[in-house]
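Remarks on the structure that follows.
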Amino acid sequence: AARQLVLRHPTLRLAVLEKEQQLAHHQSGHNSGVIHSGIYYTPGSLKAKLCVQGAALCYEYCDRKGIPYKQCGKLIVAVEQDEIPRLKALYERGLQNNVRGLKLIGTKEIQAKEPFCRGLMALDSPYTGIVDYRQVAQSYAEDFQEAGGTILTDFEVTDMEMAKESASGSEDGLQYPVIVRSSKSEEICCRHIVTCAGLYSDRLSEISGCSPEPRIVPFRGDYLVLKPEKCYMVKGNIYPVPNPRFPFLGFHFTPRMDGSVWLGPNAVLAFKREGYKLFDFSTTDFLDAVIGLWKLVLRNLSYGLNEMYRACFLSAQVKELQKFIPEVTVNDVLRGPSGVRAQALDSDGNLVDDFVFDGGTGDIGSRILHVRNAPSPAATSSLAIAEMIADEARRRFEL
């Protein structure tokens, strides 16, 4: 978003304030690395439009910048008869979303593409790819700095307020009336603010005097990894047919740029917003999550309990994987990395599935744009999302 703003408005002075000491430390550096093609999303929705547009922009950007990627494709595989109608519906949805190259294939074609995979029918998406999004994010940062932008790391925002009346003879207070303060009492004075805070988007909104809704609930996804000597069993992405009742895509096989293969993830409530380990805990984060989550938990109790069970027992996760590649055994896998997803919930406990922008009223509220929810596939869509954020900032701030 910052890169897009500085490219559009080169006379503006822009700064990125980053809580960590390096960029892409959280969601951008812990995701699956998949360049999604746009199959899953409701036709006409922002997610569908921005994913298809964003994937094309991502490939083009990587080509221009020399960032390596692999267009290894994806199979969404039906292993039960009752999944076939859902798979065909996905195919139709993908066509409506203008996803390139989609086709339905049978058992023999599945095995031609993935010799170890078993399935009755699959949706073949040849333009799905993989990339290292940490490298992509670093490249965005370089573009931003080369265009005159400033990046301040180790700057955790803890307060925002309007400047007091300017000192005699100074116009800074009039030109840059908002003070953003860090945990170390550092200050930045500015005219407008855009927040893209992911796991902390609700708290930054509260700090600015805007609404705490939608609340963020962190979900941790734990991956397994195939042992290096077993990676030959997977060539491209292999996904299950998603269950429309649940927001997550289920256990899948994901090749990585380094040659490894990630398996999973599960989806369990994280007890800390940046809690990548099973026993990471924050009282504040836990209480926030429980307040926002109880209605959702009651509606999806069996699903949640199954996910927690699989998180604890390796064999339960491997059983899911064996539906697609029967040869995978517990001895072939190791526990791998985890990521935490910022899931927005509305006041009724419903998952917020599309983009949410808002500001507020009053002196600071009218000068701020909060990107409250930029859901998966946000990494794939990032260049397209940035254009939308820049459009919204121009409209709100009359740039």
Side-chain angles (χ1 to χ4, degrees), residues 1-9 12 14-19 26-28 31 36 38 41-55 57-58 137 140 144 149 157 160 177-178 180 190-218 247 273 288 292 341-399:
R3 172 187 174 276
Q4 187 64 33
L5 281 165
V6 79
L7 292 176
R8 284 196 193 181
H9 306 283
L12 292 182
L14 286 102
V16 168
L17 309 181
E18 165 60 53
K19 176 170 71 75
H26 292 293
Q27 290 186 113
S28 301
N31 60 41
H36 290 282
Y41 318 112
T42 304
S45 68
L46 280 175
K47 285 178 83 169
K49 175 187 171 187
L50 294 174
C51 183
V52 173
Q53 180 186 346
L57 291 172
C58 184
Y140 291 165
F144 174 65
V157 174
M160 301 178 196
V178 183
V180 181
C190 60
R191 187 178 300 159
H192 300 291
I193 301 169
V194 177
T195 71
C196 301
L199 286 156
Y200 289 95
S201 62
D202 53 348
R203 290 189 185 164
L204 267 188
S205 182
E206 284 191 271
I207 286 171
S208 72
C210 297
S211 170
E213 303 291 342
R215 289 281 183 187
I216 294 298
V217 174
R273 293 206 178 193
D288 266 3
R341 167 176 171 168
Q343 178 62 59
L345 265 69
D346 65 20
S347 55
D348 294 322
N350 299 310
L351 300 172
V352 179
D353 196 41
D354 219 336
F355 294 83
V356 179
F357 296 117
D358 66 18
T361 56
D363 290 335
I364 295 181
S366 60
R367 293 176 175 274
I368 200 161
L369 168 62
H370 293 296
V371 181
R372 303 297 299 270
N373 192 44
S376 176
T380 298
S381 312
S382 55
L383 288 166
I385 293 171
E387 292 184 1
M388 189 171 68
I389 292 170
D391 289 342
E392 188 72 11
R394 182 186 61 199
R395 185 184 69 79
R396 286 182 183 243
F397 304 149
E398 299 180 351
L399 298 178

Point-to-point distance, once rounded to the nearest 0.5 Å, from [atom1] of [X] to [atom2] of [Y]:
X      : Y      : atom1 : atom2 : value
Ile207 : Thr195 : CD1   : OG1   : 10.0 Å
Leu46  : Gln53  : CG    : CD    : 10.5 Å
Met160 : Asp363 : CE    : CG    : 14.5 Å
Leu383 : Arg3   : CG    : CZ    : 5.5 Å
Ile193 : Leu369 : CD1   : CG    : 10.5 Å
His192 : Ile364 : NE2   : CD1   : 13.0 Å

Which atom of [X] lies closest to which atom of [Y], heavy atoms considered:
X      : Y      : result
Asn31  : Ala379 : ND2-CB, 3.8 Å
Ala2   : Val16  : CB-CG2, 3.4 Å
Leu50  : Met388 : CD1-CE, 3.7 Å
Asp353 : Lys47  : O-CD, 2.8 Å
Ala384 : Leu57  : N-CD1, 4.0 Å
Cys196 : Val371 : SG-CG2, 3.8 Å

For [X] and [Y], which I'm curious about, is there any donor-acceptor pair between the side chains at under 3.5 Å?
X      : Y      : answer
His370 : Ser208 : yes
Ser376 : Arg341 : no
Tyr140 : Ser382 : yes

Treating [X] as the side-chain partner and [Y] as the backbone partner, does any N or O pair qualify as donor plus acceptor under 3.5 Å?
X      : Y      : value
Thr380 : Cys51  : no
Ser45  : Ala48  : yes
Arg215 : Asp346 : no
Gln27  : Ala342 : yes
Ser366 : Gly362 : yes

Is there side-chain contact between [X] and [Y], with heavy atoms separated by less than 4.5 Å?
X      : Y      : result
Val352 : Pro214 : yes
Ser381 : His36  : no
Phe397 : Val194 : yes
Phe357 : Ile389 : yes
Arg372 : Phe355 : no

Answer yes or no: is there an ion pair linking [X] with [Y], defined by an N-O contact shorter than 4.0 Å?
X      : Y      : result
Glu387 : Arg8   : no
Asp202 : Arg273 : yes
Asp288 : Arg203 : yes

Going through the distances and angles, do Gln343 and Ile216 end up as a side chain to side chain contact (heavy atoms under 4.5 Å, CB included)?
CA-CA 5 Å; Gln343 178 62 59; Ile216 294 298; over 6 Å; no
Assess the residue pair Ile368 and Cys210 against the criterion (side chain to side chain contact (heavy atoms under 4.5 Å, CB included)); give the C-alpha distance rounded to whole Å, side-chain angles, the decisive distance to 0.1 Å, and a yes or no.
CA-CA 9 Å; Ile368 200 161; Cys210 297; 4.0 Å; yes
For Leu12 and Leu14, what are the C-alpha separation, side-chain angles and deciding distance, and is it a side chain to side chain contact (heavy atoms under 4.5 Å, CB included)?
CA-CA 6 Å; Leu12 292 182; Leu14 286 102; 3.7 Å; yes
Taking atom NZ of Lys19 as the centre, report whether more than 12 heavy atoms of other residues, nucleotides or ligands fall under 6.0 Å from it.
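Enclosed.
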